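Computed from a predicted structure; not experimentally measured.
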Protein chains: 2
Amino acid sequence: MPRDGTQTRTKILDTAEAMILDQGYSATSIDKVIDAVGVTKGTFFYHFENKAALARTLVDRYAAADLSMQREFRARAEKLARDPVQRVLVFIGLYEEMMEGLTDPYPGCLFASYLYEANLFDDGIMAVIEDTYLDWRRELGAMLDAAAAAHPPKLPVDTADLADMFTAIIEGAFIMSKTLKEPKLVAAQLGLYRDFVELLFGGERG
Amino acid sequence: MPRDGTQTRTKILDTAEAMILDQGYSATSIDKVIDAVGVTKGTFFYHFENKAALARTLVDRYAAADLSMQREFRARAEKLARDPVQRVLVFIGLYEEMMEGLTDPYPGCLFASYLYEANLFDDGIMAVIEDTYLDWRRELGAMLDAAAAAHPPKLPVDTADLADMFTAIIEGAFIMSKTLKEPKLVAAQLGLYRDFVELLFGGERG
DNA sequence: TTAAACATACCAACTGGTTAGTATAAAAAC
DNA sequence: GTTTTTATACTAACCAGTTGGTATGTTTAA
């Protein structure tokens, strides 16, 4: 076996992702990436067929990490609480907890970054983002359905919409946190979402 | 007086804004803009000193329109309702109403578009976005303070955070609406925000 | 007839991508 | 236990096309 190239490949991916969140995909030229990594253009095109393949690899990696964390937090919430409402609250709380630990403003979401340059990407790439949002609607929606079945909500809300609200708040809070340079803003918004769910399904313990 | 150039100038601005929301600022080359408008490069550089001046003009125009609409809706809400809580609910409702009228997915927010290419813009441009978000926090925050004074909230929430939540939900809903191609998503999210405020400050009429 | 509103023709720098060739280290042959 | 082979991992130089920007000229309408 020859020498291992996975380190170089990962460094290219990490550097490119950070640069894309900073200045967008279009302005992140291959030349700038390889300069930052310290490799040549040949190395880049050895690891990736073209710039679009880099974009695809990045979004796949990002979506996989997102879903992985979602599953982990769902599993933890199921163990930590028995009542469906409490499980949702714990699930949101776990994300809140994570965001409270931030010292720098969140660098941003790769999905949102791609969306605001959507016309530069093919349908396959945008479908990854779409599927991830729909997965969130489905999975968190199911948790909220269970909550609604156990404790009827104070107002008749659509659980799919309420699930979407989590994603929307996260995306919006990322934008505001980065703009205002306030690292705690994301956790604060998740706290409000948690308050809303708690008010909706009542504060009773299960 | 020679012929009037304001039409050309406005057409350049409108076309550039639409293209930026579609593919970002970096990928929106001057060549592409002038091709779409049907003028030459000389015309572009007659109206704008450089590409950065175009970016600045666009963000100033966008911020002005945003604040103008905010002030109009605040004035209308003040006339339509007397109770501070109801005024907030009507204010949110006016935005909801507007978004319900959409048939195409919302094309996106120029602020968010700029933010995800933030490193390409100078501090002056980013400050316009920052100031606009802070204005929302201040103005909607004041409305919520008045609401809280009239009807103590069910949970102790920070009104600045609750005001930020409006902005965050709008920004996040724009992203989701565009991604999922669901024009009604923005109005649905505003409806949930309205529900939250109503639950928080009680449903009593003033 | 003059100044604003446009057009034409450029340029240097950078873009994504290709080429032809080299270094590395493990495996296969002796 | 050397030597040869082989696939992987990389480099430097280059290409055609595009980028933001400029210099200079022409049209238009009061």
How close or far is atom [atom2] of [N] from atom [atom1] of [X], stated in whole angstroms?
X     : N      : atom1 : atom2 : answer
A/R9  : D/dA9  : CZ    : C1'   : 13 Å
A/Q23 : C/dC14 : CD    : P     : 14 Å
B/D31 : C/dC14 : CG    : P     : 17 Å
B/I30 : D/dG20 : CD1   : C1'   : 5 Å
A/I34 : C/dT15 : CD1   : P     : 10 Å
A/Q7  : D/dC10 : CD    : C1'   : 15 Å
A/I12 : D/dC10 : CD1   : P     : 8 Å
B/F45 : D/dT24 : CZ    : P     : 17 Å

>> Between the base of C/dG17 and the side chain of A/K41, is there a donor and acceptor pair under 3.5 angstrom?
In response: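 Side chain to base: pair present.
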If you compare every side-chain N and O of [X] against the phosphate oxygens of [N] (OP1, OP2), does one of them come in below 4.0 Å?
X     : N      : answer
B/H47 : C/dA4  : no
B/T8  : C/dA5  : no
A/Y46 : D/dC10 : no
A/S29 : C/dT15 : yes

In terms of side-chain heavy atoms of [X], which of [options] is nearest?
X     : options                : answer
B/K51 : D/dT11, C/dA7, D/dG20  : D/dG20
A/T43 : D/dT11, D/dT19, D/dG21 : D/dT11
B/N50 : D/dG21, D/dG20, C/dA4  : D/dG21

>> Could you report the tightest heavy-atom contact between A/P153 and A/F201, atom names first, then the distance?
In response: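 It is CB-CE2, 3.8 Å.
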> For DNA chain D, whose closest nucleotide is more 5', that of B/K32 or that of A/T40?
Replying inline: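 Comparing both residues, the 5'-ward one is A/T40.
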> Can you list the steps and then say if A/E139 with A/R71 is a salt bridge (charged side-chain N to carboxylate O under 4.0 Å, His left out)?
Replying inline: CA-CA 9 Å; A/E139 297 298 336; A/R71 286 198 196 97; over 6 Å; no
>> Please compare B/T6 and A/Y25 by the position of their nearest nucleotide in DNA chain C and report the one closer to 5'.
In response: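 Per heavy-atom nearest nucleotide, the more 5' residue is B/T6.
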> When you measure from the side chain of B/R87 to the backbone N and O of B/A81, does any donor-acceptor pair fall under 3.5 Å?
Replying inline: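 Indeed, once roles are kept as given, a pair shorter than 3.5 Å links the two residues.
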> So, A/E171 versus A/Y133: side-chain donor-acceptor pair below 3.5 Å or not?
Replying inline: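 Side-chain D/A pair, A/E171 to A/Y133: present.
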>> For a quick check under 3.5 Å, do B/D66 and B/W136 share a side-chain donor-acceptor pair by atom type?
In response: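 The answer is yes; a qualifying pair exists.
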